[in-house]
Amino acid sequence: MSKSAELAALIRNRAGDEAPEFGLILGSGLGHLSERIDGTAIPYSDLPGFPHAGVSGHVPQLVIGQLEGRRVAVFGGRSHYYESGRADAMRLPLEVLAALGCDRLILTNAAGSLRADIPPGGLMLLNDHIAFAGTNPLIGEPTDARFVPMTDAHDLGLRQALAAAAAAEGVDLPEGVYCWFSGPSFETPAEIRAARVLGADAVGMSTVPEIILGRFLGLRCAAISVITNMGAGLSDESISHDHTKAMAPLGATKLEAVLRRFLREG
Ligand code: HPA
C-alpha cells in the first residue's frame, strides 16, 4: 500500500469513511479556524511524514468534520519551501487528501500587497500566479504526469462561487496575481518593483507549490490571500513575521465569513 493510502486508512479509522468535499489549507495567523470545526482533530505528529509545521502562527493538525454542513478536511498549518528547501513539502498531505476522495482545495495565505487599492486587512482572490521562486514541487517526479497544464490552475467555478460568497457577505474581494518568492527573508524594494513590472498584485512565500501539486493530483484549486502589509518599500510600516501574525486576524474575520458562506452556498 502507498504511504498516502496507509495514512488515508488511518484517518478514516479515526474520522469516519465519508470523503471530504473540500480541503482547506490555512496560512500564517489563520490556522485557528481548524479549532472551530465540529469533527476529529489529528495532530500532524500522529501522521508519519506530515510536516512538523514549525512556523509560529500555524496550528499543526488536520481536522476532519463539518463546517457549515459540508464535510471538510482542514490543514491548520503548512510546510513552506523555505523550511526545508523542498518545494514538495506538502506533497504527502495533498496525496492523502486526494486518497480520501476529496477533489477541491481552497488555500489561504498571508501576503504583501503591491496595489494601493488592496490595503492591509483586505483580501485578494488569486486569479493566477507567478512561480518566481525558481523551483517546482514536481522536479524529480518520473512520470509524464509531471507535465501539468497550469492554464486553469485557479479554478473558474470555485472563484465565481467565492466571489459570490464575498459579495453576499459585503466583503471586498478583488482578484489579482500572486507572486511566489522563496522567503524566508522578505523581498527588497527592488524585488517588489520587479514583481509589479512582471504583473504581480501580491507577494508571498507559499501556496503556489500546493496549487501545482493539487493540479498534479487532479484537485480543483482556488486561493485567497489575507493582505497583512504593503510590499517592501511601498509604505513606511515595518515588515516582519510578528507584524504578519498581528495583522492576519484583521483579514481572517472577513475570510472566515467568506469561507463559511461559500461552504453553505457554494
Ligand atoms: N512578502 C512575502 N510574504 C509575506 C508578506 C510579504 O510582504 N507579507 C506576508 N507574507
Side-chain angles (χ1 to χ4, degrees), residues 24-33 51 53-59 75-87 89-90 106-135 137 154 172-212 223-256:
L24 261 79
I25 298 185
L26 305 175
S28 289
L30 309 170
H32 297 286
L33 184 60
V55 182
S56 61
H58 289 248
V59 182
F75 297 84
R78 57 158 55 96
S79 192
H80 305 79
Y81 170 54
Y82 62 73
E83 291 173 69
S84 61
R86 296 192 51 159
M90 287 299 284
I106 308 293
L107 302 119
T108 67
N109 60 52
S113 172
L114 308 192
R115 273 177 39 190
D117 62 328
I118 312 183
L123 306 180
M124 187 187 91
L125 176 62
L126 278 62
N127 59 14
D128 209 339
H129 69 241
I130 300 170
F132 199 63
T135 186
H154 300 263
D172 212 19
L173 187 62
E175 290 201 3
V177 173
Y178 174 95
C179 185
W180 173 38
F181 279 84
S182 76
S185 56
F186 285 98
E187 300 74 30
T188 63
E191 286 164 345
I192 291 296
R193 288 195 297 274
R196 270 199 94 146
V197 171
L198 291 177
D201 300 295
V203 293
M205 304 177 193
S206 70
T207 303
V208 169
E210 293 142 37
I211 297 220
I212 295 170
I224 295 182
S225 292
V226 169
I227 302 299
T228 53
N229 56 279
M230 296 307 292
L234 298 182
S235 91
D236 293 337
E237 75 191 330
S238 67
I239 299 179
S240 67
H241 188 56
D242 282 344
H243 182 78
T244 297
K245 286 188 294 179
M247 288 298 289
L250 275 186
T253 311
K254 295 179 200 165
L255 178 67
E256 184 173 336

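Whatever order the structure lists them in is the order used to number ligands and atoms, beginning at 1.
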Side chain, backbone, both or neither: which part of Ala232 comes within less than 4.0 Å of ligand 1 when only heavy atoms are counted? neither

Of the side chain and backbone of Asn229, name the one, both, or neither that has a heavy atom under 4.0 Å from an atom of ligand 1. side chain

What is the minimum heavy-atom distance between Leu114 and Ala202, and which atoms define it? CG-N, 4.0 Å

How far apart are the closest heavy atoms of Ala87 and Trp180, and which atoms are they? CB-CH2, 4.3 Å

Can you find an N/O atom of Ala110 closer than 3.5 Å to an N/O atom of ligand 1? yes

Just need the protein heavy atom nearest to [atom], so name the residue and atom and give the distance.
{"atom": "atom 4 (C) of ligand 1", "value": "Phe186 CE2, 3.8 Å"}
{"atom": "atom 5 (C) of ligand 1", "value": "Gly112 N, 3.4 Å"}
{"atom": "atom 1 (N) of ligand 1", "value": "Glu187 OE1, 2.8 Å"}
{"atom": "atom 3 (N) of ligand 1", "value": "Gly204 CA, 3.4 Å"}

Quick check: are there more than 12 heavy atoms from other residues, nucleotides or ligands sitting under 6.0 Å from CZ of Arg115? yes

For Thr228, take its heavy atoms, then give the atoms of ligand 1 lying under 4.0 Å from any of them. 8 (N), 9 (C)

Could you give the distance from [atom1] ([X]) to [atom2] ([Y]), rounded to the nearest 0.5 Å?
{"X": "Cys179", "Y": "Ile192", "atom1": "SG", "atom2": "CD1", "value": "8.0 Å"}
{"X": "Leu33", "Y": "Leu26", "atom1": "CG", "atom2": "CG", "value": "5.5 Å"}
{"X": "Thr207", "Y": "Ile212", "atom1": "OG1", "atom2": "CD1", "value": "11.0 Å"}

Non-hydrogen atom of Phe181 closer than 4.0 Å to ligand 1: no

Check step by step if side-chain contact (heavy atoms from CB on, under 4.5 Å) holds for Glu191 and Val203. CA-CA 10 Å; Glu191 286 164 345; Val203 293; over 6 Å; no

